[in-house]
2 protein chains.
Amino acid sequence: MDDLNWRILELLQQDARTPYSEIGRRVGLSAPAVAERVRRMEDAGIITGYRAIVDPGKLGYGLEVFARLRVAGDKHLAVRKLVMQTPEVLECWHVTGEDCYFIRARLESVGHLEELLRRFSVYGSTTTSLVLSKPVEHRVLKAQGTESAG
Amino acid sequence: MDDLNWRILELLQQDARTPYSEIGRRVGLSAPAVAERVRRMEDAGIITGYRAIVDPGKLGYGLEVFARLRVAGDKHLAVRKLVMQTPEVLECWHVTGEDCYFIRARLESVGHLEELLRRFSVYGSTTTSLVLSKPVEHRVLKAQGTESAG
DNA sequence: TTTGAAAGAAGCCACTG
DNA sequence: CAGTGGCTTCTTTCAAA
């Protein structure tokens with residue numbers, strides 16, 4: 001991971017569809033050279049994929065919530081299965097602390113939320129927070145100080 | 001948002017670089033027709049961008065944490081400014097409940113975490129959870145039931 | 001890593017249902 | 001009015017140096 005790779009990575013994080021030719025123009029490399037560097041970062045697992053970002057609010061999911069779930073010791077497998085099978089759950093983290101699972105979900109309505117919480121409360125107590133706004137949404141990962149990885 | 005648009009959206013969420021010709025093949029449309037539908041979803045704000053997904057762990061940021069921040073009434077602007085200026089913060093949500101801000105950050109070490117928490121504790125008390133694993137990481141948003149938006 | 005040639009994809013247009 | 005097919009331009013890929 002030299003400086004050129006970081007700059008390529010920044011550009012692709014901002015717009016995954018930037019043509020290699022334009023990336024090359026900006027970082028001072030030919031298109032095939034950029035393609036080769038990207039291929040290597042993919043192979044190394046540094047770049048794990050390319051995604052279109054959609055706005056759930058525009059698709060009928062106006063409610064975003066965090067539900068923190070406090071789970072009894074032997075229910076973990078069941079919880080994992082439930083979150084994986086629940087399409088409303090956009091992300092789920094297993095974390096340390098009293099609340100074992102952080103669940104971020106997108107819902108159509110408050111009724112929809114109540115239904116979701118009922119499904120989860122089988123496995124423990126939930127603490128729910130509505131998302132009001134997002135001061136930081138998709139931070140682009142940049143090189144900080146002197147980096148080396150591999 | 002008809003069924004075709006949803007299928008196009010699913011494919012682009014899975015791989016933002018899927019060629020329109022291949023999307024067309026899969027949904028039964030010509031490439032220009034797909035391009036036109038994508039353009040309209042972009043214009044409508046349904047698709048907000050395309051991003052390369054990177055693995056911070058492969059780039060020296062082995063620690064992922066949630067820090068919940070409880071903030072006094074008049075410190076909100078300062079907190080927003082701080083999270084926006086802090087590169088370690090990947091996402092930040094302003095939420096309802098006792099903890100006003102949920103902060104997801106990527107760090108190099110425990111020492112790095114301590115330093116980050118010190119910066120935030122100026123504005124309130126923090127509750128930190130280490131991320132152990134992610135049962136759900138990037139859920140693809142799909143049509144549920146009968147959808148209509150616009 | 002670069003260059004140059006070939007394959008492929010995207011954008012533009014007139015035309016069709 | 002959305003979709004198709006052909007054409008042009010740009011991009012990617014592969015070979016060779």
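A, B, ... follow the sequence lines: proteins, then strands. Residue 1 opens every chain.
- Residues of residues 14-21 of chain B that place a heavy atom closer than 4.0 Å to DNA chain C, in numerical order, are Pro19(B), Tyr20(B), Ser21(B).
- Atom CZ of Arg51(B) and atom CG of Asp15(A) lie 9.0 Å apart (nearest 0.5 Å).
- Remark on the helix from dT1(C)-dA17(D) to dG17(C)-dC1(D): inter-end axis angle 30°, axes from five-pair C1' superpositions, rounded to 10°.
- Gln13(B) contributes a side-chain N or O that, together with a main-chain N or O of Leu141(B), makes up a donor-acceptor pair within less than 3.5 Å.
- The residue Arg37(A) sits close only to the backbone: its heavy atoms come under 4.0 Å of sugar-phosphate atoms, none of a base.
- For residues 48-55 of chain A, proximity to DNA chain C is found at no residue, defined as any non-hydrogen atom under 4.0 angstrom from a strand atom.
- Dense packing is recorded around CD of Glu22(B), with more than 12 heavy atoms of other residues, nucleotides or ligands lying under 6.0 Å away.
- In this view, Lys134(B) and Trp93(A), Glu64(B), Arg104(B), Arg106(B), Val131(B), Glu137(B) satisfy the side-chain contact (heavy atoms from CB on, under 4.5 Å) rule, not counting sequence neighbours.
- Residue Gln14(A) qualifies as enclosed at atom CD: its count of foreign heavy atoms under 6.0 Å is above 12.
- A donor-acceptor contact closer than 3.5 angstrom is absent between the side chains of Arg26(A) and Thr18(A).
- With Thr96(A) contributing its side chain and Leu130(B) its backbone, the two residues share a donor-acceptor pair below 3.5 Å.
- Ser121(B) is linked by a side-chain contact (heavy atoms from CB on, under 4.5 Å) to nothing, counting only residues two or more places apart in sequence or in another chain.
- For the ring pair (Phe, Tyr, Trp, His ring centres under 6.0 Å) test, residues two or more places apart in sequence or in another chain that qualify with His94(A) are His76(A), Tyr101(A).
- When the side-chain contact (heavy atoms from CB on, under 4.5 Å) test is applied to Leu4(B), the partners found at least two apart in sequence or on another chain are Asp2(B), Arg7(B), Val27(B), Leu29(B), Arg37(B).
- Rounding to the nearest 0.5 Å gives a distance of 12.5 Å between OH of Tyr20(A) and CG of Leu11(A).
- Annotation: side chain of Arg40(B) is not in contact with side chain of Asn5(B) (no heavy-atom distance under 4.5 Å).
- Taking the 5' to 3' direction, DNA chain D first and last meets chain B under 4.0 angstrom from a heavy atom at dA2(D) to dG5(D).
- Checked by atom type and distance alone, the side chain of Arg139(B) pairs as donor or acceptor with a backbone atom of Thr86(A) at under 3.5 Å.
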* Leu63(B) and His112(B): side-chain contact (heavy atoms from CB on, under 4.5 Å), yes or no, with the steps? -> CA-CA 9 Å; Leu63(B) 233 59; His112(B) 194 178; over 6 Å; no
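- Interface residues of residues 24-32 of chain B facing DNA chain C, ordered by number: Pro32(B); criterion, heavy-atom separation under 4.0 Å.
- Interface limits on DNA chain C: the 5'-most and 3'-most nucleotides within less than 4.0 Å of chain A heavy atoms are dT1(C) to dT3(C).
- A search for ring pair (Phe, Tyr, Trp, His ring centres under 6.0 Å) contacts involving Phe102(B) returns Phe66(A), not counting sequence neighbours.
- With sequence neighbours excluded, no residue forms a ring pair (Phe, Tyr, Trp, His ring centres under 6.0 Å) with His138(A).
- Using a 4.5 Å heavy-atom threshold, the side chains of Glu108(A) and Glu88(A) count as separate.
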